[in-house]
Amino acid sequence: MSAESKKAHNFIQSLIEDAISKGEQTGKVVTRFPPEPNGYLHVGHAKSICLNFGIAETFSGECNLRFDDTNPEKESQEYIDAIKKDVEWLGYTWAGDVRYASDYFDAIYYFAEELIEKGKAYVCALSADQMAEYRGSLKEPGKDSPYRDRPVAENLKLFRDMRDGKFESGELVLRAKIDMASPNMNLRDPILYRIRYAEHHQTGNKWCIYPMYDFTHPISDAMEGVTHSLCTLEFEDHRPLYDWVLDNITVPCHPRQIEFARLNLNYTITSKRKLKQLVDERLVDGWDDPRMPTISGMRRRGYTPESVRAFCDMIGVNKAGGTVDMGMLEFAIREDLNTRAPRAMCVMHPLKVTLTNYPADKTETLVLPVHPQNPDMGQREVTWSQTLYIDREDFIEEVPRKWKRLAPDQAVRLRGGYVVTCKEVVRDASGEIVELLCEYDPATLGVNPEGYKPKGVIHWVSANDSVCCDINLYDRLFNHESPDSDKDGDLTDHINPQSLVVLKDARVERSLAKPQTDLPYQFEREGYFFCDQELTAAAGKPVFNRTVTLRDSWGK
Ligand code: ATP
Ligand code: MG
């Protein structure tokens, strides 16, 4: 990936360079991307993926993909498969096989016994409510659990009995014995293991006790020889616990945890839990609905991996939080597609145009460039004929100032074709305009007319040489800048009712009867549109999803 070499420096890269130059970092740099398979990845995860794989690439190291799978009730194989696909689609290759925290359940169990034997962990029978009460608050220290001083042998026996299924779910937990008065709540004897009678997607029914994230993560990192464990800022307060775990067991190495700010984007949400709510309540068409900020949704909408990586580059990596404008993500995809999307003409709301001075039995083949600035992309053919379609919105009777489209007795050029002038408007019984009778100027193909000036250029398709298609006009899913921080309302109150407008009888030039599926098209004057393969197969005609408009209409 050559773009990577141009990548702006981030503070994590600088820290590692520094460590290398001081001789503190001598071996291979190893990072990991550790998603929990409890939902699909979103654009925030893309930031973490680009960071972790990017750091590994920069230092010729390795990045692992590890599923952090300690909550079997919320996780599934569907999510695992989707996450792998998304990471690959972004263009990254993980080192070796996919890993699972559950691969280390035996080791994690072993280290729990090690802590018990050292008198650093105990089995506690306080109920959840009692535990919360004993925990104290930020202002008050906690109180020691009455079970805190259980003898080692008893702890060991009870822990083994927990493992062997001799207790009910929630009856006992294993806790670290650290400090109930610590100003850091995470160190007030945190839970390490709890009982859960749940079938696990990787380990089946082997376990009825599952380790907590804060215990699992440092051990998994150490087991893999991770050197830099990059995570988001909310884990800063967990770092002392991460270090405590590794300092108190006999693991082979002690990875360094470094925190960075998570990505927040306005006009959307980046929380799997809330995205799942939209899916479960059927407010969107699944996790890969093109309006979702998921990687799979962006892919279906027409975002390219290049544009997502460019966006992650643009926003950088730092410790200061903040919210990124959705306009930046849209800018990234426009930039990418502007240089490489093939051009085509699509009429969204067809209005029939009859050229009264063009023979009914005649046609002409016109040759247009696939891309106006890139001749290497070749040429395409469209057909000129007596009956054409233009967009209803490109014609008006009462001409406003600066109208650069068609109007009665006004001339416009049809892109790549001739100049036409509207002579008569045909209406149906209800008064609706159904047809325009126009005259074309035979002397204007590729040259300006003599003695008058056309009022603009509009797009068109030929009636006989175009195909009907469906268009999904997608826009931002929410019409509120921070849909999930509205104290008075629910996230779902802010869904943009215009976020999907479906057009059922649009027409596109014939070359798109079998659309390309690797990259969106630019429909001239309309925006970028990507063929939805699944919907196309179901509809029996091309279906295009609007990736993004040509210009930002949301800017302040
Ligand atoms: P969510 O709240 O959406 O479930 P999460 O952090 O719980 O997010 P994980 O599957 O645990 O999701 O995340 C995997 C990795 O991606 C973690 O290292 C996490 O810090 C990172 N990550 C998640 N969300 C973001 C974000 N918005 N910006 C940057 N990194 C993120
Ligand atoms: Mg999580």
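Whatever order the structure lists ligands and atoms in, that order sets their numbers, starting from 1.
Residue R32 has no nitrogen or oxygen atom sitting less than 3.5 Å from a nitrogen or oxygen atom of ligand 1, judged on distance alone. At least one N or O atom of L263 sits closer than 3.5 Å to an N or O atom of ligand 1. At under 3.5 Å, a nitrogen or oxygen of K272, whether backbone or side chain, sits near a nitrogen or oxygen of ligand 1. The shortest N/O to N/O separation between E234 and ligand 1 does not fall below 3.5 Å.
Within 6.0 Å of atom CD in E234, more than 12 heavy atoms from other residues, nucleotides or ligands are found, so the atom counts as buried in its surroundings.
Heavy-atom contacts of P34 reach the following atoms of ligand 1: 14 (C), 18 (O) (cutoff under 4.0 Å). Set against the non-hydrogen atoms of P35, the atoms of ligand 1 under 4.0 Å away are 10 (O), 14 (C). The contact set between ligand 1 and S271, taken as ligand atoms under 4.0 Å from a residue heavy atom, comprises 3 (O).
Here the shortest heavy-atom distance to atom 8 (O) of ligand 1, taken over H217, E259, R262, belongs to R262. Here the shortest heavy-atom distance to atom 5 (P) of ligand 1, taken over H42, R66, H45, K274, belongs to H45.
S307 places no side-chain N or O within 3.5 Å of a backbone atom of I333 that could act as its donor or acceptor partner.
For Y213 and H217, the ring centers sit closer than 6.0 Å to each other.
Note: H200 and Y210 have parallel aromatic rings, judged against thresholds of 30 and 60 degrees for the angle between ring planes.
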Residue pair L41, F33: steps toward the side chain to side chain contact (heavy atoms under 4.5 Å, CB included) verdict
CA-CA 12 Å; L41 298 181; F33 172 62; 4.0 Å; yes
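Ligand 1 lies out of reach of F235, whose nearest heavy atom is not under 4.0 Å from it.
For Y109, the ring pair (Phe, Tyr, Trp, His ring centres under 6.0 Å) partners are F159, W207, not counting sequence neighbours. Partners of S137 under the side-chain hydrogen bond (donor to acceptor under 3.5 Å, both in side chains) rule, at least two apart in sequence or in another chain, do not exist in this structure.
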